[in-house]
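To start, the structure itself, in structure tokens.
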Amino acid sequence: MLSENKKECVKKIPRKMTQQRLKNIALYYLKRFETSEANLRNVLKKRIDAYAYYDKNFDRHEAYIWLDNLLANFVELKYVDDERFAEMKIRAYLAAGKSPRYISGKLKEKGIDEHLVDNLLSEQEFDPLESALKLARKKKIGPYCQSIDIRKERRSKDLAILVRAGFDYDIAIKVLDMEEE
């Protein structure tokens with residue numbers, strides 16, 4: 001029994017970080033996910049830092065140079081395209097009923113330029129009332145609530161849900177005052 005516990009405590013030794021290994025990690029990540037340049041940089045930087053923590057003799061700064069060269073190559077080859085990533089995310093978020101404010105915040109987290117997000121959002125057909133109704137339907141609030149008593153009781157909570165989701169106060173009130181469809 002003691003030997004079984006000993007096996008569980010042994011930490012996994014990370015494989016040696018090389019330029020080719022970094023490229024393979026990046027390609028494997030891109031095979032599974034569409035991402036922005038800044039997000040891929042963060043993912044790979046964490047892997048470099050994790051290996052540097054294990055191997056104290058590892059030159060982290062040289063690995064960061066590899067990372068910069070790799071990302072420049074991937075951008076040139078269009079493996080990583082911030083505009084394509086932003087368009088895809090905006091369409092998905094709008095289909096899910098997210099507000100422009102929410103979308104802008106999420107894309108900023110992923111390192112997408114604010115002006116690019118604004119331009120792409122302005123190109124999209126977007127009805128804030130329709131998006132707020134999608135969210136209300138999903139959360140079963142407002143006109144999609146089970147009963148009128150519960151609806152009246154939870155009005156302020158429902159309003160908070162819509163406002164926190166990034167919708168204007170006027171839109172949120174309009175949704176909550178709608179009759180059941």
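Separating the OG atom in S104 from the CD atom in E109 is a distance of 11.5 Å, to the nearest 0.5 Å. S36 contributes atom OG, which lies 13.5 Å from atom CD of E83 (distance to the nearest 0.5 angstrom). One distance of note links NZ of K98 with CZ of F167; it measures 8.5 Å at 0.5 Å rounding. Taken from CD in E62 to CD in Q19, the straight-line distance is 8.0 Å, to the nearest 0.5 Å. A distance of 4.0 Å separates CD1 in I103 from CG in L94, rounded to the nearest 0.5 Å. Once rounded to the nearest 0.5 Å, the distance linking NZ of K106 with CD1 of I90 reads 14.5 Å.
The stretch residues 44-53 participates, sequence neighbours left out, in these salt bridge (charged side-chain N to carboxylate O under 4.0 Å, His left out) pairs: D49-R60. Within the structure, salt bridge (charged side-chain N to carboxylate O under 4.0 Å, His left out) pairs that include any residue of residues 153-162 comprise R154-D158, R155-D177 (at least two apart or interchain). For residues 23-32, the pairs satisfying side chain to side chain donor-acceptor pair (under 3.5 Å) are Q20-N24, Y29-N39, with sequence neighbours left out.
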Applying side-chain contact (heavy atoms from CB on, under 4.5 Å), run through F85 and V80 and close with a yes or a no.
CA-CA 8 Å; F85 173 73; V80 177; over 6 Å; no

Check the pair L162, I171 against side-chain contact (heavy atoms from CB on, under 4.5 Å), reporting the backbone distance first and the verdict last.
CA-CA 9 Å; L162 289 168; I171 297 288; over 6 Å; no

Full working for side-chain contact (heavy atoms from CB on, under 4.5 Å) between Y79 and L27:
CA-CA 9 Å; Y79 290 171; L27 288 172; 4.1 Å; yes

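Applying the ring-ring contact (aromatic ring centres under 6.0 Å, His included) criterion to Y64, with sequence neighbours excluded, gives no partner residue. Every residue two or more places apart in sequence or in another chain was checked for a side chain to side chain donor-acceptor pair (under 3.5 Å) with R91, and none qualifies. Listed by chain and number, the residues in a salt bridge (Lys or Arg N to Asp or Glu O under 4.0 Å) with K140 amount to none (sequence neighbours excluded). In this structure R21 satisfies the salt bridge (Lys or Arg N to Asp or Glu O under 4.0 Å) test with no other residue, sequence neighbours excluded. With sequence neighbours excluded, the residues satisfying side chain to side chain contact (heavy atoms under 4.5 Å, CB included) with K139 are L135, I141, I161. With sequence neighbours left out, the salt bridge (Lys or Arg N to Asp or Glu O under 4.0 Å) criterion links R84 to E34. By the ring-ring contact (aromatic ring centres under 6.0 Å, His included) test, Y102 pairs with Y93, sequence neighbours left out. D68 meets the salt bridge (Lys or Arg N to Asp or Glu O under 4.0 Å) test with R41; sequence neighbours excluded.
I148 is not connected to I150 by any chain of hydrophobic side-chain contacts under 4.5 Å among Ile, Leu, Val, Met, Phe, Trp and Tyr, and they are in different clusters. With hydrophobic clusters built from ILVMFWY side chains whose heavy atoms lie under 4.5 angstrom apart, F33 shares a cluster with L71. Both Y54 and L44 sit in one connected hydrophobic cluster of ILVMFWY residues. Membership requires side-chain heavy atoms under 4.5 Å apart, directly or through other members. A single hydrophobic cluster is seen to contain both L70 and V43, as judged by linkage of ILVMFWY side chains at heavy-atom distances under 4.5 Å, directly or through other members.
Of all heavy-atom pairs between D82 and E37, the closest is OD1-N, 2.8 Å. When all heavy atoms of A38 and K110 are compared, the closest pair comes out as CB-O, 3.7 Å. In terms of heavy-atom proximity, L22 sits nearest to A63 at CD2-O, 4.1 Å. Pairing each heavy atom of L30 with each of T35, the nearest pair is CD2-CG2, 3.6 Å. Residue R137 comes nearest to Y144 through the heavy atom pair NH2-OH, 3.2 Å, listed as atom of the first residue, atom of the second, then distance.
Judged by distance alone, with hydrogens and angles left aside, the side-chain atoms of S99 form a donor-acceptor pair with the main-chain N or O of A165 at under 3.5 Å. The closest donor-acceptor contact from the side chain of D55 to the backbone of N57 lies under 3.5 Å.
No side-chain heavy atom of W66 sits less than 4.5 Å from a side-chain heavy atom of I48. Side-chain atoms of V175 and P143, non-hydrogen and from C-beta on, do get closer than 4.5 Å to each other.
Heavy atoms of other residues, nucleotides or ligands lying less than 6.0 angstrom from CZ of F58 number more than 12.
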Scan the side chains in residues 111-126 for donor-acceptor partners under 3.5 Å anywhere in the protein, sequence neighbours excluded, and list what turns up.
residue : atom : partner : partner atom : Å
N119    : ND2  : H115    : O            : 3.3
S122    : OG   : D118    : O            : 3.4
S122    : OG   : N119    : O            : 2.7

